[in-house]
2 protein chains.
Amino acid sequence: MSELADVAALLADRTRARILEELLGGPALPAGALAARVGVAPSTLSGHLAKLEAAGLIVVRARGRRREAELARPEVAEALEALARLAGPAARPIGLRAVNGHAALREARSCYDHLAGRVGVALADSLVARGALVASDGTFMVGDEAYLADAFGIEVAALPRRRTLVRGCADWTERRPHVAGALGAALLDVALSRGWVRRRNDGRALNVTTAGRVALMDGEHTR
Amino acid sequence: MSELADVAALLADRTRARILEELLGGPALPAGALAARVGVAPSTLSGHLAKLEAAGLIVVRARGRRREAELARPEVAEALEALARLAGPAARPIGLRAVNGHAALREARSCYDHLAGRVGVALADSLVARGALVASDGTFMVGDEAYLADAFGIEVAALPRRRTLVRGCADWTERRPHVAGALGAALLDVALSRGWVRRRNDGRALNVTTAGRVALMDGEHTR
DNA sequence: GGGACGCTTCGGTGTGCACCGAAACTTCGC
DNA sequence: GCGAAGTTTCGGTGCACACCGAAGCGTCCC
């Protein structure tokens with residue numbers, strides 16, 4: 001029933017676009033928190049959530065008296081990234097706070113469920129250098145499964161098969177690929193659980209710890 | 001200066017979306033022809049072209065007294081396909097003419113500059129079966145360069161390097177990947193010049209000839 | 001050069017939709 | 001149960017923008 005223009009119309013509103021960008025950060029967010037982040041009244045936000053849900057772009061789960069939203073499927077994140085690439089070099093942010101936020105986004109951020117930004121690209125590079133991945137212009141293939149198991153505890157064979165295993169995702173800020181797909185998601189899980197990066201509570205940007213800098217930027221993957 | 005929502009707003013208008021879908025067909029089209037195809041007044045179309053050009057989504061070349069439009073870069077086509085995937089199973093077309101057109105689109109179409117639809121996926125499969133490409137869930141790498149040279153006259157080393165050489169593009173109708181990127185463009189050129197497929201004059205759909213059926217669907221690539 | 005063609009600019013019309021506040025509804029904690 | 005917190009529904013306001021026709025301006029053809 002839906003056409004391309006209908007989907008685009010959902011993304012064309014500044015508020016809805018900001019909602020989806022927040023959800024690109026990964027974890028589900030309750031409606032009230034989203035309203036505060038994007039700066040609209042709860043009633044306004046409620047209407048937007050209803051539209052996005054009806055279109056199948058997000059799913060909303062009731063948890064007690066709050067309703068938590070997250071992206072419905074990886075394709076949504078892919079379309080958002082494709083549009084962000086079209087939008088090109090992002091708007092020069094105005095104001096110190098915005099500049100800091102933007103610098104943090106460039107450094108490290110979660111892109112739906114995987115690691116992006118300077119750190120994401122560095123991780124991809126170091127995995128290629130180790131032979132764990134093989135780069136083929138703009139995308140990746142698994143190279144050394146044993147390395148992934150040893151260094152990260154990731155068993156490639158055990159990863160979910162519903163989605164693409166490993167995919168190059170052209171980084172929006174770096175213009176070079178980072179690792180997406182099921183393996184990308186697994187790598188972000190490892191980075192979070194080992195304390196290499198921590199989620200900030202104000203958006204998609206991630207804080208990189210000292211240990212994380214060594215592991216991700218310098219390629220010392222073993223804990 | 002532009003944000004994701006601004007780009008999406010350009011795609012959110014039904015008329016502009018149809019314009020871009022027409023341009024996805026590949027060759028540049030003059031403004032008047034576009035106006036006729038999408039069914040608006042020339043003055044209306046002119047305004048849309050100006051907006052799309054200002055945003056860098058299309059380029060418009062003056063050729064004599066007519067102005068021809070085409071997509072500005074591959075990223076635009078990629079974003080359009082990503083959105084089309086989100087839109088999901090296309091609207092069930094109403095009316096015999098629309099049904100026929102849709103069936104033709106599913107069978108074979110040009111997707112910006114490469115081959116898509118059932119035929120595009122079949123070609124990708126046969127190239128993998130021959131070892132010319134290596135499939136790695138959802139995307140491809142070049143396998144046997146000699147085969148590509150022998151069967152198609154495509155010298156991989158001579159392909160333009162500005163863009164990704166070979167890329168899997170999740171087919172909008174088939175839900176399986178076809179061959180995109182510089183190699184995908186070269187393959188469509190070969191298919192057109194050998195008469196395997198012919199452009200219809202009414203849109204993105206392609207007609208598959210008898211020879212083309214043998215070559216593309218059955219994998220008899222040598223002329 | 002005159003006339004047809006192709007396209008753009010301009011002014012006026014109409015519709016769609018994002019926004020908020022107030023009120024109703026559900027869930028939680030005590 | 002009762003008040004508070006979280007969310008949705010409803011009504012009213014205002015702006016943005018797609019559309020067309022008429023007029024103007026280059027370009028081609030004879």
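A, B, ... follow the sequence lines: proteins, then strands. Residue 1 opens every chain.
Between the CG atom of A/L45 and the C1' atom of C/dG21 there is a distance of 16 Å, rounded to whole Å. When the P atom of C/dC7 is taken as reference, atom NE2 of B/H48 falls 16 Å away, rounded to whole Å. Here C/dT15 presents its P atom at 17 Å from CG of B/D13, a figure rounded to the nearest Å. One atom, CZ of B/R66, and another, P of C/dA4, lie 18 Å apart when rounded to the nearest Å. One can place CZ of A/R18 at 15 Å from C1' of C/dA18, the figure rounded to the nearest angstrom. Taking atom CG on A/L49 and atom P on C/dA18, their separation rounds to 13 Å, with Å as the unit. Atom CZ in B/R67 sits about 11 Å away from atom C1' in C/dG6, given to the nearest Å.
For A/K51 and C/dC17, the shortest distance from a side-chain N or O to OP1 or OP2 is not below 4.0 Å. A sub-4.0 Å separation between OP1 or OP2 of C/dC7 and a side-chain N or O of B/S43 is absent.
Scored by the side-chain hydrogen bond (donor to acceptor under 3.5 Å, both in side chains) test, B/R16 finds B/H48 as partners (sequence neighbours excluded). Every residue two or more places apart in sequence or in another chain that forms a side-chain contact (heavy atoms from CB on, under 4.5 Å) with A/A35 is listed here: A/L45.
Of all nucleotides in DNA chain D having an atom under 4.0 Å from a heavy atom of chain A, the first and last in 5' to 3' order are D/dA4 to D/dT9.
Counting any heavy atom pair closer than 4.0 Å across all strands shown, A/R63 reaches no nucleic acid atom.
Under a 4.0 Å N-O distance rule, the pair A/E75/B/R85 does not qualify as a salt bridge.
For the helix from C/dG1-D/dC30 to C/dC30-D/dG1, the angle separating the two terminal helix axes comes to 40°, with each axis derived from five pairs and the value rounded to 10°.
Looking at heavy atoms from C-beta onward, A/L148 lies in side-chain contact with A/L183 at the 4.5 angstrom threshold. Contact of the B/L71 side chain with the B/D113 side chain is not registered, since no non-hydrogen atoms from C-beta on lie closer than 4.5 Å. At least one side-chain heavy atom of A/L49 sits under 4.5 Å from a side-chain heavy atom of A/L34.
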Nucleotide N/O to protein N/O under 3.5 Å, stretch nucleotides 24-27 of chain C:
residue: C/dT27; atom: O3'; partner: A/R65; partner atom: N; Å: 3.4

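Across A/R199 and A/S110, no two heavy atoms sit closer than the pair NH1-OG, 3.4 Å. Between B/A82 and A/A82, the shortest heavy-atom distance links the atoms CB-CB, 4.1 Å.
When the nearest nucleotides of DNA chain C are assigned to A/G39 and B/E68 by heavy-atom distance, the more 5′-ward of the two goes with B/E68.
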Could you pull out all donor-acceptor pairs under 3.5 Å where a side-chain atom in residues 206-214 of chain B meets a protein atom, sequence neighbours excluded?
residue: B/N207; atom: OD1; partner: B/R200; partner atom: NH1; Å: 3.2
residue: B/T209; atom: OG1; partner: B/G195; partner atom: O; Å: 2.7
residue: B/T209; atom: OG1; partner: B/W196; partner atom: O; Å: 3.0
residue: B/T209; atom: OG1; partner: B/G212; partner atom: N; Å: 3.0
residue: B/R213; atom: NH1; partner: B/E107; partner atom: OE2; Å: 3.2

Under the criterion side chain to side chain contact (heavy atoms under 4.5 Å, CB included), I'd like the reasoning laid out for A/L216 against A/R118: C-alpha separation, chi angles, the key distance, then a yes or no. CA-CA 10 Å; A/L216 297 167; A/R118 204 141 34 210; over 6 Å; no
### Residues A/H221, A/L123; criterion side chain to side chain contact (heavy atoms under 4.5 Å, CB included); working and verdict
CA-CA 9 Å; A/H221 301 146; A/L123 172 61; 4.1 Å; yes
